[in-house]
A.B. asks: 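Next up is a structure, given as C-alpha cells.
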Amino acid sequence: TTAADKTYDATTSVSVNGGTLSGVISGDTVVFSQLGSFGDKNVGTGKTVTYSNRISGTDSGNYVLDSTSGSATASITPAFLTITANNAAVTYSGSAYSGGNGVSYSGLVGGEDASVLSGNLHYSGTSQGAVAVGSYVIAPGGLSSSNYIISFVDGTLTIRPVGNLSDQLVPLLSWYYPHGSSAGQQQGTQPVFGNQQHTPLLFAQGSSAVNDLIVVIDGGVGHVDGGV
C-alpha cells in the first residue's frame with residue numbers, strides 16, 4: 001500500500017491505494033477499501049500516514065481481514081497564496097501618506113483566514129511618505145507561513161489634485177485684514193467690511209504662506225494679508 005503526496009489543504013486526509021483482497025469465494029460480494037490520514041495537516045516531507053483496511057458488501061460478514069491497518073509515508077507541499085495590496089486614492093492635503101488600504105487574500109484553503117499567518121502586515125514602497133500629486137507603489141509584506149508559498153502583489157496609491165477650492169477651505173474664525181482694504185471684524189458667521197455684511201469668509205488651509213491666504217467672499221476669490 002502506498003500513500004499519495006498532496007498539496008496543503010488544511011486537512012489530514014490522504015489517498016492510499018495498492019492494497020488487494022484475496023481469498024473471496026467466487027460469487028460472494030465483498031468490497032475492499034482503505035482510508036488513510038496524516039498525523040497532522042501541516043506541510044512536511046516523508047510524513048507518516050496511517051491507514052485502515054475495510055471490507056463491505058453483502059457477504060463481507062463471512063470474512064475477516066488478516067490485516068486491518070498499516071502505515072506508509074507521503075509528503076504535503078505548500079499551497080500558493082497571493083496577498084495583494086488594495087489600491088488607495090486620496091486628495092492632496094500636504095501631509096505625508098503612510099500605511100496602506102488593507103490587502104486581499106487569494107489561495108487560503110480549508111476555510112482558513114489571515115489569522116493562520118505569522119508576522120505583522122506592513123507596507124513599504126514609494127507611497128510611504130508621498131506628498132505630491134501622482135501615483136505611487138504600495139508594497140505589502142511582513143506575513144509568512146510554512147504552509148503557504150506567499151506572493152505579494154503591489155497596489156497603487158493615487159494622490160489626486162484638489163478638485164476645487166472649496167475642498168481645502170475651512171471657516172475663518174478669527175480676525176483678518178482683507179487684501180487692499182481696512183481691517184474687518186467677523187461678527188458671528190457674517191464678516192463685516194465697513195457697513196456691509198458678506199457671506200462667511202473662508203481661507204485655504206493648504207496655503208503655502210499664512211500671510212497670503214486665499215479667500216472666498218460672496219463667490220469672489222481674493223487674498224488675506226496678515227496672520228490668522
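Atoms considered below: every heavy atom in the structure, side chains included; atoms not considered: hydrogens, waters and symmetry mates.
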A.B. asks: Please name the pair of heavy atoms, one in V43 and one in Y8, separated by the smallest distance, quoted to 0.1 Å.
C.D. replies: CG2-CB, 4.0 Å

A.B. asks: Apply the test side-chain contact (heavy atoms from CB on, under 4.5 Å) to residues K6 and S13: give CA-CA distance (whole Å), side-chain angles for both, the deciding distance (0.1 Å), then the verdict.
C.D. replies: CA-CA 9 Å; K6 72 169 188 176; S13 64; 3.9 Å; yes

A.B. asks: Does any part of the side chain of L157, heavy atoms only, come nearer than 4.5 Å to the side chain of V137, both counted from C-beta?
C.D. replies: no

A.B. asks: Hey, is the main chain of R160 close enough, under 3.5 Å, to the side chain of T158 for a donor-acceptor pair?
C.D. replies: no

A.B. asks: Looking at every non-hydrogen atom in both residues, tell me the closest pair between S75 and G46 and how far apart they are.
C.D. replies: OG-N, 3.0 Å

A.B. asks: Measure the CG-OG distance between L117 and S145 for me, rounded to the nearest 0.5 Å.
C.D. replies: 5.5 Å

A.B. asks: Taking the side chain as every heavy atom from C-beta outward, state whether N86 and S104 have any pair of such atoms under 4.5 Å apart.
C.D. replies: yes

A.B. asks: Does some side-chain heavy atom of Y148 sit less than 4.5 Å from a side-chain heavy atom of V109?
C.D. replies: yes

A.B. asks: Take I83 and L81 through the side-chain contact (heavy atoms from CB on, under 4.5 Å) test and state the conclusion after the steps.
C.D. replies: CA-CA 7 Å; I83 301 177; L81 172 63; 4.2 Å; yes

A.B. asks: V31 and I55: same hydrophobic cluster, using ILVMFWY side-chain contacts below 4.5 Å?
C.D. replies: no

A.B. asks: Would you mind reporting whether Y97 and I138 have side-chain heavy atoms less than 4.5 Å apart?
C.D. replies: yes

A.B. asks: Show the nearest heavy-atom pair for residues F38 and V14, with the distance to one decimal.
C.D. replies: CE1-CB, 3.5 Å

A.B. asks: Would you compute the distance between atom CD1 of I149 and atom CZ of F80 and round it to the nearest 0.5 angstrom?
C.D. replies: 4.0 Å

A.B. asks: For G155, does its backbone N or O pair with a side-chain atom of N87 as donor and acceptor, under 3.5 Å?
C.D. replies: no

A.B. asks: Does atom CG (N120) have a neighbourhood of more than 12 heavy atoms from anything else shown, all under 6.0 Å?
C.D. replies: no

A.B. asks: Tell me the closest heavy-atom pair linking S144 and I150, and the distance in Å.
C.D. replies: CA-CD1, 3.7 Å

A.B. asks: What about L35 and V16, same hydrophobic cluster or not, with Ile/Leu/Val/Met/Phe/Trp/Tyr joined at side-chain heavy-atom distances under 4.5 Å?
C.D. replies: no

A.B. asks: Taking V64 as the starting point, is it possible to reach V30 by hopping between hydrophobic residues whose side chains are less than 4.5 Å apart?
C.D. replies: no

A.B. asks: Indicate, with yes or no, if Y136 and V131 share a hydrophobic cluster defined by side-chain heavy-atom contacts under 4.5 Å among Ile, Leu, Val, Met, Phe, Trp and Tyr.
C.D. replies: yes

A.B. asks: Once you round to the nearest 0.5 Å, how far does CZ of F32 lie from OG of S56?
C.D. replies: 10.5 Å

A.B. asks: Could you grab the distance from atom NE2 of H122 to atom CG of L143, nearest 0.5 Å is fine?
C.D. replies: 8.0 Å

A.B. asks: Is there side-chain contact between F152 and V103, with heavy atoms separated by less than 4.5 Å?
C.D. replies: no

A.B. asks: What residues, two or more places apart in sequence or in another chain, satisfy salt bridge (Lys or Arg N to Asp or Glu O under 4.0 Å) together with D59?
C.D. replies: none

A.B. asks: Do I76 and T7 touch side chain to side chain, with heavy atoms closer than 4.5 Å?
C.D. replies: no

A.B. asks: Scan for side chain to side chain donor-acceptor pair (under 3.5 Å) pairs involving residues 25-48, sequence neighbours excluded, and state none if there are none.
C.D. replies: T1-Q34, D28-Y63, Q34-N53, D40-K47, K41-E112, N42-N147

A.B. asks: Grab the two heavy atoms, one from P78 and one from S146, that are nearest each other, plus how far apart they are.
C.D. replies: CG-O, 4.2 Å

A.B. asks: Does one hydrophobic cluster hold both L108 and V153, with members joined at side-chain heavy-atom distances below 4.5 Å?
C.D. replies: no

